[in-house]
Amino acid sequence: MNHFELRDGVLYAEDVPLPYIAAEVGTPVYVYSRATLVRHARVFREALSGLNKPHIAFAVKSNPNLAVLKVLQKEGFGADVVSGGELVRALAADMAPQDIVFSGVGKTRAELVQGLEADIGQFNLESEEEGHELSAIAAAQGKVARCALRVNPDVDARTHEKISTGKAENKFGVPMSRAGEIYAALAALPGLDMRGIAVHIGSQLSSLEPLETAFEKVGALIAELRSAGLKVTHADLGGGLGVPYKADEVMPTPADYGAMVARVTKHWDVALSFEPGRVIAGNAGVLLTRVIRVKRSSNASPFVVVDAAMNDLARPAMYGAWHDIDAVVPNGARHIAHVVGPICETGDTFAMNREMDALQAGDLAVFRTAGAYGATMASSYNSRGFVPEVLVDGDRFAVVADRLPAADIMAAERVPDWL
Ligand code: LLP
């Protein structure tokens, strides 16, 4: 459910017609709906209502825009961050330090220090080596870092291979077979408060089964650790819930997920936390674009060349991902077309032989479900500027990230005087 709907033949974001935003801000532009973000946040929280005070940390990587983080902060969400930059953003959005969890396989020394200085809620350690480094830093500063150990349950999440994180060959977490030994070793170090286990097996999961298998392994590990006399008070179950990218796609609902979690974790006796990203932000955003021209091709389908490109929305080029593409003012006609951006490589293709609303030069269109892993993955490839972002709230909207023109990006470059 989202708030991008046709009204009298025009696509609106809440109560704002998208052509109005295109006229005011230009295209391409990401448009987010506050009401949709709030709704998703509440549905997710409600789905977990059977659990005892779950902690929800929004995966900042999915949409790090400050205004988006602020909307979620007001909904009581904390943050799952994976870099010093994301930590700064979470704090800037007034997320309480104790509600911030720091994940990531390659936290640098500077980032560990930054997390300690901010006194964040939890570090999710991805290796024994990282635990030793954090222990040394914390002990030297007379601090104690609250930590969970991320385990790799060797479960196939059955999603795209580039966003699977829980198979033995993936770089994430420590192997289950060594988790007990590593946890015990880290628990004995100064400066660390080892308090739990973290797991995250991948993103855009279309089935709950792999999650359930992974959580069962975590439950068994918790029991094993406790029987060895170790303290376990927390478990972080990560994110990963998939969203429908096609109108007719069926995904497990947050309620199904919550019921499964409640069943599997019933006897764990720990404080649970979650790191949802896509399920909160995905359908809360669209990428609004304008057709530059329609070019005949050597087969029956024309190339619809739009002003958004793979630098603005990388998912189709990176993962072959599908985004529904709809006209903003559909006239009822349909056609079969290729939809491409202006960038000089064939990977800059959003759709091939897609049956879709007919589009002509000058028409506006949207890529749906672009609120997660959209603007955050943008680049300036082909010296295109950074795409702006807009947040709609009822009948008002605000530009929440300026368009960054190519000239401003170039302004950060220097030609040395010896050239
Ligand atoms: N927690 C951790 C440790 C993660 O690595 C991720 C996502 C999440 C939580 C949030 O997962 P979500 O609930 O959003 O599925 N760029 C890719 C997705 C990469 C996901 C990376 N990790 C895409 O566009 O599909």
Side-chain angles (χ1 to χ4, degrees), residues 30 37 40-41 43-44 47-48 55-64 68 72 77-83 86 90 100-107 122-127 130 148-153 157-167 170-174 197-208 210-211 214 218 235-245 251-252 254 257 261 272-285 287 310 312-323 350 367-379:
Y30 278 94
L37 286 167
H40 290 173
V43 165
F44 195 81
L48 301 178
H55 174 247
I56 309 177
F58 177 62
V60 172
K61 65 173 80 69
S62 65
N63 190 325
V68 169
L72 296 173
F77 275 38
D80 161 45
V81 303
V82 293
S83 69
E86 287 191 352
I100 299 176
V101 41
F102 203 148
S103 307
V105 72
K107 300 177 206 77
Q122 181 169 297
F123 291 86
N124 284 353
L125 301 176
E126 296 251 3
S127 64
E130 183 189 355
L149 181 64
R150 179 166 175 184
V151 293
N152 183 323
R158 292 188 240 142
T159 183
H160 192 281
E161 62 170 55
K162 288 189 184 165
I163 54 176
S164 284
T165 53
K167 287 285 289 168
N170 301 143
K171 65 183 175 179
F172 301 96
V174 302
I197 298 297
V199 70
H200 171 80
I201 61 169
S203 194
Q204 185 56 10
L205 272 60
S206 56
S207 159
L208 294 177
L211 283 169
V218 169
D236 179 340
L237 300 184
L241 210 51
V243 302
Y245 279 89
M251 285 286 159
Y257 173 79
V261 170
L272 288 174
S273 54
F274 299 85
E275 302 169 350
R278 191 186 318 258
V279 73
I280 305 295
N283 281 311
L287 173 58
M310 64 187 280
D312 305 307
L313 178 64
R315 304 190 68 259
M318 277 185 81
Y319 319 112
W322 175 290
H323 286 262
F350 294 111
F367 294 92
R368 299 236 186 207
T369 319
Y373 307 110
T376 180
M377 291 172 68
S379 77

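First listed ligand is number 1; within each ligand, the first listed atom is number 1. Treat the numbers as computed from the prediction; the structure is a model and nothing was measured.
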**Q** What residues form a side chain to side chain donor-acceptor pair (under 3.5 Å) with Q122, not counting sequence neighbours?
**A** N124, R195

**Q** Using ring-ring contact (aromatic ring centres under 6.0 Å, His included) as the criterion, list what pairs up with H55, not counting sequence neighbours.
**A**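 In terms of ring-ring contact (aromatic ring centres under 6.0 Å, His included), with neighbours along the sequence ignored, H55 is linked to no residue.
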
**Q** Which residues satisfy the salt bridge (charged side-chain N to carboxylate O under 4.0 Å, His left out) test with R278, sequence neighbours excluded?
**A**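 Salt bridge (charged side-chain N to carboxylate O under 4.0 Å, His left out) check on R278 returns nothing, list empty.
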
**Q** Please name the pair of heavy atoms, one in G166 and one in N152, separated by the smallest distance, quoted to 0.1 Å.
**A** O-OD1, 2.9 Å

**Q** Compile the protein residues with any heavy atom at a distance under 4.0 Å from an atom of ligand 1; present them by chain, then by number.
**A** A59, K61, D80, R150, I163, H200, S203, Q204, G239, G240, E275, P276, G277, R278, R315, Y319, Y373, M377

**Q** Is the backbone N or O of Y245 less than 3.5 Å from a side-chain atom of T369, with the two atoms forming a donor-acceptor pair by type?
**A** no

**Q** Test side chain to side chain contact (heavy atoms under 4.5 Å, CB included) on Y373 and K61; report intermediate values, then the result.
**A** CA-CA 7 Å; Y373 307 110; K61 65 173 80 69; 3.9 Å; yes

